[in-house]
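Heads up: the structure comes next, in structure tokens.
Every heavy atom of this structure was used, including side-chain atoms; hydrogens, water molecules and symmetry mates were not. Ligands are counted one by one from 1 in listed order, and the atoms in each one are counted from 1 as well. None of these values were measured; they are calculated from a predicted model.
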Amino acid sequence: MKKIYVTKTSLPKIEDYIEKIETIWDTHQMTNNGRIHMALEQELKEYLKVDNLTLFTNGHLALYTAIKSLNLEKGGEVITTPFTFASTTNAIVENGLIPVFCDIDPLTYTIDVNKIESLITDKTCAILPVHVYGNICDVIKLEEIANKYNLKIIYDAAHVFGVKYKGNSIFNYGDISMTSFHATKVFNTIEGGALFYKDARLYERFNALKNFGIDSNGEILEESINAKMNEFQAAMGLCNLKNIDETIEKRKKVYLRYMEKLKGVQGVKLNKIQKDIESNYAYFPILFNEQKFGKTRDEIYTMLADKNIFARKYFYPLVSDYAFYRDKYNSDETPIAQDIAKNILCLPLYPDLSLDIVDVICNIILGE
Ligand SMILES: *Cc1c(COP(=O)(O)O)cnc(C)c1O
């Protein structure tokens, strides 16, 4: 069988992309907030129904910049989770701040809001929760905690493009949300990312912060990086945005087929769509209970790989178990995250994945 990976990048028709980039040969403008970039900003605002948005060359630099914009005192503590991609934690550390790991909720895989308050100290300055797999954090309770202790909230919203909570874009929660438009995500601009935020004044600031700190008067008021999205990325975004509803609809079909084949299986936990949520079907995580299922996650991974199907142990290991963090943290302190990282597997899920392949994958898992 042909190799099947956990995801496959969504590409538009090549003619559509060429049409979008052709104007670059007239204008010779390839970057620096060009016409295509501005058009993507506008179309994303309309599609997502958000007020404030700034594009970046990738999600990580957007997240880094979001934290930087809060001017938090160096050495301050940021409460976050280890069940995430390394980007989340690295962005905290790169800002001279200290990540403090909170355990996760076993149903949604997002931060356990009941365990946050016991981690708050007089050094705590922000909370950086992660929406995971298309599931959302308890945004209401998080807002309560943040208000009570006067803390900022930045969401790592890399997994939740298009997700709505009670009809409202999930990007509208927190002081700032970051999302990623990396090639492997539900919506891509090749590489790319964006920030969404409450305070409209941040628009000018973010435009400066992603351009060496140069503001609209050509002055530099603070040092900064270069993280601008270029016109070729933005053009890919415009093309992919046109197809996004169809993309998510196709993902849903794959999701439903997996659910149909795997639900009720002893020793297997599937990810249910939360109440009041419109999902984007970003990932299909399946959690194995070795005692009840009879096989480990790693055994299932290998059985699939032997048939050219490459699922992903995502997120594994926990960020706190990577060499750079291992000496500073003890992952025993987040036992639920530790247990889930050991037993979870993300199955292939992308718009064009055929339902026949889904059946093959399920049959391998079920030993049929
Ligand atoms: C993809 C991802 C990022 C980083 O985004 P890039 O666009 O790849 O820089 C950060 N956090 C999470 C949870 C991600 O999945």
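No part of E191 comes within 4.0 Å of ligand 1, judged by heavy-atom distances.
Remark: ligand 1 atoms within the under-4.0 Å shell around heavy atoms of H159 are 13 (C), 15 (O). Residue Y314 has at least one heavy-atom neighbour below 4.0 Å for each of these atoms of ligand 1: 15 (O). Listed by number with element, the atoms of ligand 1 under 4.0 angstrom from any heavy atom of K185 are 1 (C), 2 (C), 14 (C), 15 (O). Close approach of ligand 1 to G192 is summarised as follows: ligand atoms under 4.0 Å from at least one heavy atom of the residue are 7 (O). Annotation for ligand 1: atoms under 4.0 Å from non-hydrogen atoms of H60 are 5 (O), 6 (P), 9 (O). The G59 neighbourhood of ligand 1 comprises atoms 5 (O), 6 (P), 7 (O), 9 (O), with distances under 4.0 Å to a heavy atom of that residue. Numbered from 1 in the order shown, with element, the atoms of ligand 1 that lie under 4.0 Å from a heavy atom of T84 read 13 (C).
For S87, no nitrogen or oxygen atom sits less than 3.5 Å from a nitrogen or oxygen atom of ligand 1, counting backbone and side chain alike.
Interatomic distance, C137 SG to I111 CD1, rounded to the nearest 0.5 Å: 7.0 Å. To the nearest 0.5 Å, atoms SG (C362) and CD (E260) are separated by 9.0 Å. One distance of note links CD1 of I277 with OH of Y165; it measures 7.0 Å at 0.5 Å rounding.
Here the two rings, on H159 and Y314, have centers that are under 6.0 Å apart.
Residue, atom and distance of the protein heavy atom nearest to atom 3 (C) of ligand 1 are F85 CD2, 3.7 Å. When only non-hydrogen protein atoms are considered, atom 11 (N) of ligand 1 lies nearest to D156 OD2, 2.7 Å.
F171 and F161 make their closest contact through CZ-CA, 3.6 Å (heavy atoms, listed as atom of the first residue, atom of the second, distance).
Note: Y133 and F315 have parallel aromatic rings, judged against thresholds of 30 and 60 degrees for the angle between ring planes.
Using a 4.0 Å cutoff on heavy atoms, F83 does not count as a contact of ligand 1.
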Evaluate ring-ring contact (aromatic ring centres under 6.0 Å, His included) for Y173 paired with Y155, printing each intermediate quantity in order.
-> CA-CA 8 Å; Y173 290 86; Y155 283 107; 7.5 Å; no
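A heavy-atom distance below 4.5 Å is found between the side chains of N135 and Q274.
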